[in-house]
Amino acid sequence: MENKPSGSPTSFIDQLVVPGDVVLDLSSMTNQTIKLGGAGLRQDCDAISVMKAGKLRCSKPNKYWVESSTKRYVPQAGDSVLGIVVDSKADNFLVDIKGPALSFLPVLAFEGGTRRNIPKFEAGTLIYVRVVKANPGMNPELSCTDASGKAAEFGQLKDGFMFESSTGLSRTLLSSPTCPVLDALGKKLSFEIAVGLNGRVWVNATSPSTVIVVANAIMNSESLSGVQQRIMVEKLLQNLNVIIKEVHALELSAAVEFTHCVLHRRSMVMWGYKDNNFLKKLMLT
């Protein structure tokens, strides 16, 4: 199969590419630093070629990757991911980030981390971490701080609901400007969300019904266009309002029925008390 002519890098952005396509010619890009993200691109001398099918994406400054909907995650340095603590050792925590091997999180990889304030994570704890090192043949190293050493948004995620998605959907949710499904949900509902590039999403809200609606909207949005995503969100919100009204009606009817039962019991008790006094009077006479 013949490679496509390299041409301008922008000609391939947001376009479908297949293995063997040459998307960048480094010899014509002087004084520019190119960063490759993910495992979809590789460098052959002065050419950047494609290794897997998908859409070529680009973000500033000059970071390129191939976006595809896969369940398999290949760790890359700089990725923000959601990990599940598997085990704890003296010097680090073993964390599952859906990669080929378990990752390790040093006990001092926290803002102001010292031996005196080591966090205690039990098995099953969900944490938001950053991949620091991801070399072939080695377990990836994680950190709960950003590049400047601050905690930022990293750390333990409490409560909420975590579900899995494809890596392509995760990148779409993190894209800028905000993807239509999150934009439409954010205008109507109040919730927290953390998205990992490893295909894990965490949602939290004060109401369980809000968490369910947000999770369903995100999971159903992958194959929809922007307009279809907004229509889908509107329908979900309408169904949510109908359910809330039905629940309120049931709660009201249950409260009314309970009130009638309480009043009926009180009247029976009062009637019985009067009967007892009447019997006592009869016995005395």
Side-chain angles (χ1 to χ4, degrees), residues 71-89 91-99 101-114 117-134 139-176 178-179 181-183 185-186 188-222:
K71 294 292 185 179
R72 181 172 179 267
Y73 169 68
V74 179
Q76 295 291 322
D79 286 355
S80 298
V81 298
L82 270 71
I84 299 175
V85 176
V86 176
D87 196 5
S88 59
K89 303 295 183 181
D91 296 326
N92 53 64
F93 299 98
L94 297 181
V95 184
D96 172 28
I97 59 172
K98 290 180 63 177
L102 291 177
S103 306
F104 69 94
L105 173 65
V107 295
L108 301 181
F110 298 84
E111 182 179 1
T114 63
N117 59 355
I118 295 177
K120 295 181 180 180
F121 293 150
E122 298 180 355
T125 301
L126 183 66
I127 52 177
Y128 195 48
V129 292
R130 180 174 63 93
V131 180
V132 178
K133 297 179 182 179
N139 296 76
E141 181 180 346
L142 309 175
S143 175
C144 272
T145 61
D146 56 15
S148 61
K150 300 297 183 180
E153 70 275 11
F154 299 107
Q156 182 179 357
L157 298 176
K158 299 180 180 180
D159 301 325
F161 171 66
M162 190 274 290
F163 60 93
E164 296 189 356
S165 67
S166 66
T167 55
L169 178 57
S170 296
R171 288 189 180 274
T172 302
L173 296 174
L174 292 171
S175 62
S176 181
T178 307
C179 65
V181 63
L182 290 183
D183 183 52
L185 290 169
K188 301 293 184 178
L189 302 174
S190 177
F191 60 93
E192 297 177 284
I193 185 170
V195 182
L197 289 173
N198 58 337
R200 284 177 177 160
V201 183
W202 172 83
V203 179
N204 189 27
T206 55
S207 172
S209 58
T210 301
V211 175
I212 295 173
V213 169
V214 174
N216 285 336
I218 292 175
M219 288 187 286
N220 295 331
S221 66
E222 185 169 7

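Across all their heavy atoms, Phe110 and Leu105 have their closest contact at CZ-CD2, 3.7 Å. Residues Ala194 and Leu157 approach most closely at CB-CD1, 4.1 Å, considering heavy atoms. For the pair Val201 and Ser165, the tightest heavy-atom approach, listed with the atom from each and the gap, is CG2-OG, 4.0 Å. Closest approach of Phe104 to Asn139, counting heavy atoms only: CE2-O, 3.4 Å. Heavy atoms only, all atoms of each residue included: Ala109 and Ser143 are closest at O-OG, 3.7 Å. Here the shortest heavy-atom pairing between Val107 and Asn92 reads CG1-N, 3.7 Å.
Distance check, rounded to the nearest 0.5 Å: CG of Leu126 to CZ of Phe161 gives 11.5 Å. One distance of note links NZ of Lys120 with CD of Gln156; it measures 13.5 Å at 0.5 Å rounding. With rounding to the nearest 0.5 Å, the separation of CH2 in Trp202 from CG in Asp159 is 7.5 Å. Here the CD-NZ distance, from Gln76 to Lys133, works out to 15.5 Å after rounding to the nearest 0.5 Å. Distance check: Leu173 CG to Ile193 CD1 gives 6.0 Å after rounding to the nearest 0.5 Å. Going from atom OG1 of Thr178 over to atom CG of Leu185 covers 11.5 Å, rounded to the nearest 0.5 Å.
Residues forming a side-chain hydrogen bond (donor to acceptor under 3.5 Å, both in side chains) with Thr172 (at least two apart in sequence, or on another chain): none. In this structure Ser209 satisfies the side-chain hydrogen bond (donor to acceptor under 3.5 Å, both in side chains) test together with Ser207, sequence neighbours excluded. Legend: residues meeting salt bridge (Lys or Arg N to Asp or Glu O under 4.0 Å) with Glu164, ordered by chain and number and at least two apart, are Lys98, Arg200. Contacts of Ser221 classified as side-chain hydrogen bond (donor to acceptor under 3.5 Å, both in side chains), with partners at least two apart in sequence or in another chain: none. Residues satisfying the side-chain hydrogen bond (donor to acceptor under 3.5 Å, both in side chains) criterion with Thr125, sequence neighbours excluded, are absent altogether.
Taking the side chain as every heavy atom from C-beta outward, Leu102 and Asp87 never approach each other to under 4.5 Å. Between Val81 and Tyr73, some side-chain heavy-atom pair lies under the 4.5 Å cut-off. Considering only heavy atoms from C-beta on, Leu94 comes within 4.5 Å of Lys89 through its side chain. Between Arg171 and Leu197, some side-chain heavy-atom pair lies under the 4.5 Å cut-off.
Checking Ile127, Ile97, Val132 one by one against Leu142, the side chain to side chain contact (heavy atoms under 4.5 Å, CB included) holds for a single residue, Ile97.
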Subject >> Check against side chain to side chain contact (heavy atoms under 4.5 Å, CB included), Val203 and Thr210 >> reply: CA-CA 9 Å; Val203 179; Thr210 301; over 6 Å; no

**OP:** Show your reasoning for whether side chain to side chain contact (heavy atoms under 4.5 Å, CB included) applies to Phe121 and Val95.
**Re:** CA-CA 11 Å; Phe121 293 150; Val95 184; over 6 Å; no

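The backbone N or O of Pro75 sits nowhere less than 3.5 Å from a side-chain atom of Asn198 that would complete a donor-acceptor pair.
The ring pair (Phe, Tyr, Trp, His ring centres under 6.0 Å) pairs that include a residue from residues 140-159 are Tyr128-Phe154, where partners are two or more places apart or lie in different chains.
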